[in-house]
Amino acid sequence: MALAPPGLRSRAQSAPDGAPAHVAIIMDGNGRWAKSRGLPRSLGHRAGVAALKRTVEAAPDFGIGRMTVFGFSTENWRRPAGEVSELMRLMKNYVQSDLARLEKAGVRVRIIGSREGLTPDILSIIEHAETHTAGNDRFHLQVAFNYGARPDIVNAAQRFAARVKAGLAEPEDLTEDSFQSYLSTADSPAPDLIIRTSGEQRLSNFMLWEAAYAEFVFQDVLWPDYGRELLKAAVEEFRTRERRYGGADVNDALAAG
Ligand code: FPP
């Protein structure tokens, strides 16, 4: 498997044994899972949280050091109010009820996305989780919550423009690396593998900038049915991929002298 060129290494790097160091997941299909059982959508989301717990617990066993999950998108505000509040409640419960366990397991929790529109109780839970786990380094869990990649990119551009306006930067100072530092994923390497469940094959405004060199695995299973075995299958599929980062196949390059 090819190594990323120097400029990309800090942003995308597989674990030494060929495992994806950073896996991002679009957890899709909670609603369909519930519908197929004649259950309300809220129960699909609850089962989705259980799947999330199983998946996070299994991840380190496959050499994964970081996971980003898409918990709530900026577009999800368009869902019925009851469903939005259920997703907010689940987020709160997940962080609150699992925090002690995550903390003990050496997990660092980060919430990426906009803080705008979130209620004070959610904001304080987020802050509490981030500060209490800030010293952990065994596994990084990033929850994309109230996240949309385009708003994140626009926000980054606005923040850089404000620095230029204030005379603190010149337009030429903007490079790929410096732009990255304005995104809400600033401190994170890029995902090596992006998984989407439920058979849909779209990015849906998730990590557009960060996905530049990611591998994609689409699994035709509804998110509440996800767990260790399906994550293992995705990692195995990733290991079969050859990543060239725009360069030539290593063997072809050697043959060309
Ligand atoms: C997609 O299912 C899933 C979501 C809207 C977000 C994922 C949410 C969870 C796993 C539960 C909450 C967990 C956290 C951490 C907030 P869908 O409703 O779009 O499913 P459908 O496409 O079948 O309708």
Side-chain angles (χ1 to χ4, degrees), residues 10-15 19-28 48-49 51-60 62-74 76 87-88 90-96 98-99 101-103 105-116 118 122-123 125-153 155-156 180-197 203-217 223 226 231 234-235:
S10 60
R11 285 176 273 138
Q13 191 168 35
S14 304
H22 179 185
V23 174
I25 309 185
I26 303 174
M27 310 178 286
D28 197 10
V49 174
L52 174 59
K53 289 183 185 174
R54 291 194 293 272
T55 307
V56 169
E57 203 174 309
F62 304 125
I64 299 166
R66 184 181 296 264
M67 190 169 262
T68 303
V69 293
F70 205 178
F72 188 86
S73 80
T74 43
N76 286 157
L87 285 165
M88 295 288 158
L90 287 173
M91 164 72 174
K92 260 195 309 195
N93 274 6
Y94 173 58
V95 175
Q96 269 176 335
D98 248 32
L99 191 61
R101 205 179 54 78
L102 293 169
E103 207 177 337
V107 177
R108 181 169 185 180
V109 179
R110 301 287 289 273
I111 315 297
I112 61 165
S114 169
R115 301 292 198 248
E116 243 171 75
L118 299 181
I122 297 239
L123 290 172
I125 284 163
I126 288 175
E127 201 180 309
H128 182 79
E130 290 187 335
T131 51
H132 270 72
T133 61
N136 286 347
D137 196 27
R138 191 174 160 257
F139 186 81
H140 292 248
L141 174 63
Q142 305 190 131
V143 182
F145 196 78
N146 199 20
Y147 173 86
R150 285 183 174 181
D152 206 46
I153 290 169
N155 181 264
Q180 164 74 33
S181 73
Y182 291 94
L183 296 170
S184 67
T185 53
D187 304 327
S188 167
D192 302 286
L193 166 64
I194 297 180
I195 296 169
R196 183 169 188 153
T197 58
L203 259 183
S204 300
N205 209 7
F206 183 56
M207 299 193 109
L208 299 181
W209 171 274
E210 298 83 353
Y213 288 95
E215 294 291 328
F216 292 84
V217 170
W223 175 252
Y226 210 80
L231 180 63
V235 170

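Listed by chain and residue number, Phe160 satisfy the ring pair (Phe, Tyr, Trp, His ring centres under 6.0 Å) test with Tyr182 (two or more places apart in sequence, or in another chain). For Ala51, the side chain to side chain contact (heavy atoms under 4.5 Å, CB included) test picks out Arg54, Trp223, Tyr226, with sequence neighbours left out. Contacts of Thr197 classified as side chain to side chain donor-acceptor pair (under 3.5 Å), with partners at least two apart in sequence or in another chain: none. Asp137 pairs by the side chain to side chain contact (heavy atoms under 4.5 Å, CB included) definition with His140, not counting sequence neighbours. When the ring pair (Phe, Tyr, Trp, His ring centres under 6.0 Å) test is applied to Phe70, the partners found at least two apart in sequence or on another chain are Tyr147, Phe206. Taking the side chain to side chain donor-acceptor pair (under 3.5 Å) definition, one finds that Arg110 meets it with Asp187, sequence neighbours left out. Glu130 pairs by the salt bridge (charged side-chain N to carboxylate O under 4.0 Å, His left out) definition with Arg115, not counting sequence neighbours. Taking Asp98 as the reference, Arg101 meet the side chain to side chain donor-acceptor pair (under 3.5 Å) condition, with sequence neighbours excluded. Checked against side chain to side chain contact (heavy atoms under 4.5 Å, CB included), Leu183 has the following partners two or more places apart in sequence or in another chain: Asp152, Ile153, Ala156, Phe179, Gln180, Thr185, Trp209, Glu210. Asn155 pairs by the side chain to side chain contact (heavy atoms under 4.5 Å, CB included) definition with Arg159, not counting sequence neighbours. For the side chain to side chain donor-acceptor pair (under 3.5 Å) test, no residue two or more places apart in sequence or in another chain qualifies with Ser114.
Rounding to the nearest 0.5 angstrom, the gap separating the OG1 atom in Thr68 from the CE atom in Met207 is 4.0 Å. How far CD1 of Ile111 is from CD of Gln142: 9.5 Å, rounded to the nearest 0.5 Å. Once rounded to the nearest 0.5 Å, the distance linking CD1 of Ile194 with CD1 of Ile25 reads 11.0 Å. For the atom pair CE (Met91) and CD (Gln96), the distance works out to 10.5 Å, reported to the nearest 0.5 Å. Put simply, CZ on Phe139 and CD on Glu57 are 11.0 Å apart, with the number rounded to the nearest 0.5 Å. Ile126 CD1 to Leu118 CG: the interatomic distance, rounded to the nearest 0.5 Å, is 5.5 Å.
Closest approach of His22 to Pro189, counting heavy atoms only: ND1-O, 2.9 Å. Ala234 and Ile195 get closest at one heavy-atom pair: CB-CD1, 3.6 Å. The minimum heavy-atom distance between Ser184 and Gly113, with the atom names listed, is OG-N, 3.5 Å. Of all heavy-atom pairs spanning Ser181 and Ala186, the tightest one is O-CB, 3.5 Å. Here the shortest heavy-atom pairing between Val56 and Tyr94 reads CG2-OH, 4.1 Å. The minimum heavy-atom distance linking Pro151 with Thr74 is given by the pair CG-OG1, 4.1 Å.
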Q: Go through the steps for Met67 and Val69 under the test side-chain contact (heavy atoms from CB on, under 4.5 Å), then give the verdict.
A: CA-CA 6 Å; Met67 190 169 262; Val69 293; 4.1 Å; yes
Q) Does the side-chain contact (heavy atoms from CB on, under 4.5 Å) test come out yes or no for Leu102 and Val95, once each step is laid out? A) CA-CA 9 Å; Leu102 293 169; Val95 175; over 6 Å; no
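Counting heavy atoms from C-beta on, the side chains of Leu99 and His128 come closer than 4.5 Å.
Listed for the Thr133 side chain is a donor-acceptor partner under 3.5 Å among the backbone atoms of Val109. Side-chain atoms of Arg138 come within 3.5 Å of backbone atoms of Ala105 as a donor-acceptor pair (strictly under, hydrogens ignored).
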